[in-house]
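The chain is numbered in sequence order, starting from 1. When reading the values below, keep in mind they use all heavy atoms of this one structure, side chains included, and skip hydrogens, waters and symmetry mates.
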Amino acid sequence: MSREKIIVLDFGSQYAHLIAKRFRMLGYYSEIALPTADLKTFENAKGVVFSGGPSSVYDDDAPAFNSKILELDIPVLGLCYGHYIVQQGYNGKIGKAPVGEFGFAQLKLADGMGGAASKCPLFKNIDPEQQVWMSHQDGVLQLGDGFETVGSTKDCPYAATQNLTKKRFSLQFHCEVKDTPCGNTIFQNFADFCGMSRNWDQDTVLNFILENIKRDAGDHNVLLFLSGGVDSTITFALLNKALGQDRVLGLHIDNGFMRKNESANVAQAYRKFGFTNFITEDASESFLAAIKGLTDPQKKRLAVGENFITVRDRVVAQQNLDPEKWMLAQGTLYPDIIESGGTKNSHTIKTHHNRVEGIQKLIEQGMIIEPVRDLYKDEVRAIGHKLGLPDELVMRHPFPGPGLSINVLCSNGKMSEEDAKEMELAQKELESIKLDMFCEKCTATLKRGILPVKSVGVQGDFRTYRFPALLTFAEEGNGFYHFPGKHEKLEACSSTITNSAKYINRTCIRLFTRPGIKDSDMALYEGYCDRRRLDQLREVDNIVLTNLHASGWYDKIFQHLTIILPYASTPEHASFVLRPLISEDVMTARFAMLPKELLDKIVQEIAAQPFVDALYFDATNKPPATFGWE
């Protein structure tokens with residue numbers, strides 16, 4: 001493509017495509033390239049951004065980098081790992097930082113926008129103190145030749161640097177995420193410094209996608225997995241618009257992992273809005289059999305993903321569809337790919353069902369079409385609105401293909417010696433952390449513990465698998481516990497714990513424990529993803545969603561996940577976790593603080609379920625935690 005562009009070099013960051021997306025949203029065409037790209041790649045490039053990444057620049061397995069890129073006479077901006085590459089390229093020194101930073105930090109510009117910072121083009125129209133988002137263990141120990149500091153945080157003296165002579169900038173923080181509010185202004189200032197002209201908009205994006213569908217499909221018809229979620233629904237609408245309904249067939253599979261009455265509601269919504277070219281298939285027994293007895297989250301995801309292919313093949317045969325003439329379509333988004341380790345330098349956070357071996361083989365055969373694979377959730381929703389789809393379909397909370405199966409934590413009832421030791425270390429870490437964010441009464445009654453299950457997280461672009469901390473405040477009677485209601489204090493407490501602890505990646509607050517049950521009565525029991533536990537989860541999840549809809553809060557948050565834990569007083573009972581989240585693009589998120597009246601109502605209704613022994617609230621941002629626990 002001959003248009004002017006900003007190129008983002010992908011060093012494996014979870015956020016690499018998010019950088020390109022930000023520039024596109026500002027109206028500037030942007031492309032992703034590998035850090036080994038030859039210089040021809042940079043023809044018509046007005047600037048280059050180096051992404052973050054999971055490696056250390058001094059590691060033997062650090063991504064290869066074409067250092068001649070730094071010789072180009074165009075502006076370069078390095079972020080996090082890219083910050084190190086820029087500094088190292090000019091003889092700077094990189095090493096382990098004295099203190100790692102994960103989450104929010106306060107950036108102070110040098111001399112309050114006097115001195116060097118006042119001459120920094122990146123900080124034009126930006127106040128001298130800013131909230132920024134950090135995710136790093138390494139740091140710049142010595143600046144590169146010709147660089148000056150233009151911003152710092154409490155624990156990072158070289159948080160923002162520049163070398164105006166070389167047109168080089170490097171930032172320790174991630175300005176591509178929404179949790180750095182000034183990030184778009186920084187990118188706009190960089191585009192201005194690069195001399196870029198606006199050349200990208202939603203009409204261009206939509207036309208680009210439609211043309212790609214026609215090109216990729218060729219003479220093939222397309223069968224689409226329809227989960228009923230936002231991504232597959234909008235993909236369905238795109239395929240219909242590009243190819244016509246005669247060439248597209250939607251397949252909604254009831255895999256047994258749907259929410260309460262979900263499949264019937266999905267079919268009704270599609271018919272209501274004019275989608276007639278879809279069929280439904282009840283394959284719940286097949287999926288339950290595929291994951292029977294599995295406890296490992298990765299193996300469970302893989303089994304679900306592979307079984308989708310098995311069911312797809314069966315439906316193709318039942319419908320007498322020629323497999324040579326029918327491609328498979330998926331509503332895959334970029335976060336699915338990057339979290340599955342789907343780019344050259346990225347680490348696997350969790351393997352998504354749409355990136356299992358069977359799918360990869362079809363991709364290699366050119367038999368998969370994924371129209372929105374380079375987009376994020378908010379971009380897909382914008383496309384949905386552009387297509388004229390109603391909010392009822394476009395603004396639904398995300399609901400992935402594996403459905404509730406990934407919210408059912410499983411266990412064989414035993415904890416390995418290694419995990420038991422790590423849990424002890426996590427408890428010691430938690431006890432040693434100073435927590436003085438709350439009122440004196442809350443602090444006095446606070447008890448600290450560790451939940452005996454591990455959950456997945458992401459820190460510094462690495463996958464983590466660690467224990468959640470459990471904070472218990474004063475009991476208010478009948479098994480209900482005090483919930484500290486100030487978001488900022490709870491967030492600060494959660495960040496303090498996860499930033500300080502090696503064996504903890506989440507912070508939970510106790511909401512309820514059934515009266516008469518002591519902590520010593522609770523145990524890790526054998527529990528799998530079977531119909532009984534799924535039905536229990538469906539009931540609790542339905543209570544939450546019903547109340548969110550009734551209160552108007554469903555539309556105020558991005559997603560709510562209800563998690564079931566195999567931790568209870570008897571094998572037939574369970575504990576549950578509430579996980580309300582606010583996000584734009586799934587790559588970062590903040591836990592949502594629900595109003596006290598709403599939360600109290602939800603907790604009371606859940607506590608009335610006879611199988612519920614305990615209820616917790618997950619008060620952790622992403623990073624360091626992922627959305628779900630598996």
Let's go through Lys124 and Asp192 carefully: what are the C-alpha distance in whole Å and the side-chain angles of both, what is the deciding distance for salt bridge (charged side-chain N to carboxylate O under 4.0 Å, His left out) to 0.1 Å, and is it a yes or a no? CA-CA 11 Å; Lys124 180 182 176 182; Asp192 290 342; 5.6 Å; no
Tyr158 vs Phe147, ring-ring contact (aromatic ring centres under 6.0 Å, His included): CA-CA, chis, key distance, verdict: CA-CA 10 Å; Tyr158 305 122; Phe147 280 83; over 10 Å; no
Can you list the steps and then say if Phe483 with Phe473 is a ring-ring contact (aromatic ring centres under 6.0 Å, His included)? CA-CA 7 Å; Phe483 182 75; Phe473 295 91; 8.3 Å; no
List the steps, then state whether ring-ring contact (aromatic ring centres under 6.0 Å, His included) holds for His487 with Phe591. CA-CA 9 Å; His487 191 285; Phe591 69 89; 4.5 Å; yes
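A donor-acceptor pair under 3.5 Å is absent between the side-chain atoms of Arg466 and the main chain of Ser455, judged by distance alone. Under the 3.5 Å distance criterion, the side-chain polar atoms of Asn199 are matched with a main-chain donor or acceptor of Glu4. Although no hydrogens or angles enter the test, the distance criterion places a donor-acceptor pair under 3.5 Å between the side chain of Glu429 and the main chain of Lys502. A donor-acceptor pair under 3.5 Å is absent between the side-chain atoms of Thr180 and the main chain of Gly183, judged by distance alone. The closest donor-acceptor contact from the side chain of Asn91 to the backbone of Gly144 lies at 3.5 Å or more, if one exists at all. A donor-acceptor pair under 3.5 Å links the side-chain atoms of Gln131 to the main chain of Asp179, judged by distance alone.
When all heavy atoms are compared, the tightest approach of Lys96 to Leu141 is O-CD2, 4.1 Å. Shown here for Gly449 and Leu430, the closest heavy-atom pair between the two residues is O-CD2, 3.2 Å.
Inspection of the Thr295 and Ser411 side chains reveals no N or O donor paired with an N or O acceptor under 3.5 Å. In this structure, a donor-acceptor pair under 3.5 Å is absent between the side chains of Thr498 and Asn505. Inspection of the Gln87 and Thr161 side chains reveals an N or O donor paired with an N or O acceptor under 3.5 Å. Of the N and O atoms on the side chains of Gln106 and Gln130, not one donor lies less than 3.5 Å from an acceptor on the other residue.
Looking at Lys68 and Asp38, no side-chain N of the basic residue comes within less than 4.0 Å of a carboxylate O on the acidic one, giving no salt bridge. We find that Glu422 and Lys454 are joined by a salt bridge, their nearest charged nitrogen and carboxylate oxygen being less than 4.0 Å apart. A salt bridge links Glu31 with Lys5: the distance from a Lys NZ or Arg NE/NH1/NH2 to an Asp or Glu carboxylate oxygen falls below 4.0 Å. Note on Lys377 versus Asp231: salt bridge recorded, some NZ/NE/NH1/NH2 to OD/OE distance being below 4.0 Å.
Few gaps surround NZ on Lys21; more than 12 heavy atoms of other groups in view lie less than 6.0 Å from it. Lys93 NZ: 12 or fewer foreign heavy atoms inside a 6.0 Å radius. Glu431 CD: more than 12 foreign heavy atoms inside a 6.0 Å radius. Annotation for Lys556: atom NZ counts as buried by contact number, over 12 foreign heavy atoms lying within 6.0 Å.
When Tyr84, Tyr58, Tyr81 are each tested for a side-chain hydrogen bond (donor to acceptor under 3.5 Å, both in side chains) with Asp138, only one passes: Tyr58. The side-chain contact (heavy atoms from CB on, under 4.5 Å) test with Thr620 is passed by exactly one of Arg590, Glu491, Arg506: Arg506.
For the atom pair NE2 of His83 and CD of Gln88, the computed distance is 12.0 Å after rounding to the nearest 0.5 Å.
Relative ring orientation between Phe65 and Phe11 is described as tilted, the plane-to-plane angle lying within the 30° to 60° band. By the 30° and 60° cut-offs, the orientation of the rings of Phe187 relative to Phe23 is tilted.
Counting only heavy atoms from C-beta outward, the side chains of Leu451 and Phe467 never approach each other to under 4.5 Å. Using a 4.5 Å cut-off on side-chain heavy atoms (C-beta onward), Lys622 and Thr588 make no contact. Residues Leu9 and Ser51 fail the side-chain proximity criterion, which asks for heavy atoms closer than 4.5 Å. Between Thr153 and Met134, the closest side-chain pair of non-hydrogen atoms falls below 4.5 Å.
Taking the six-membered ring for Trp and the full ring otherwise, the centers of Tyr29 and Trp200 sit less than 6.0 Å from each other.
By the 6.0 Å and 45° rule, Arg24 does not stack over the aromatic ring of Tyr28.
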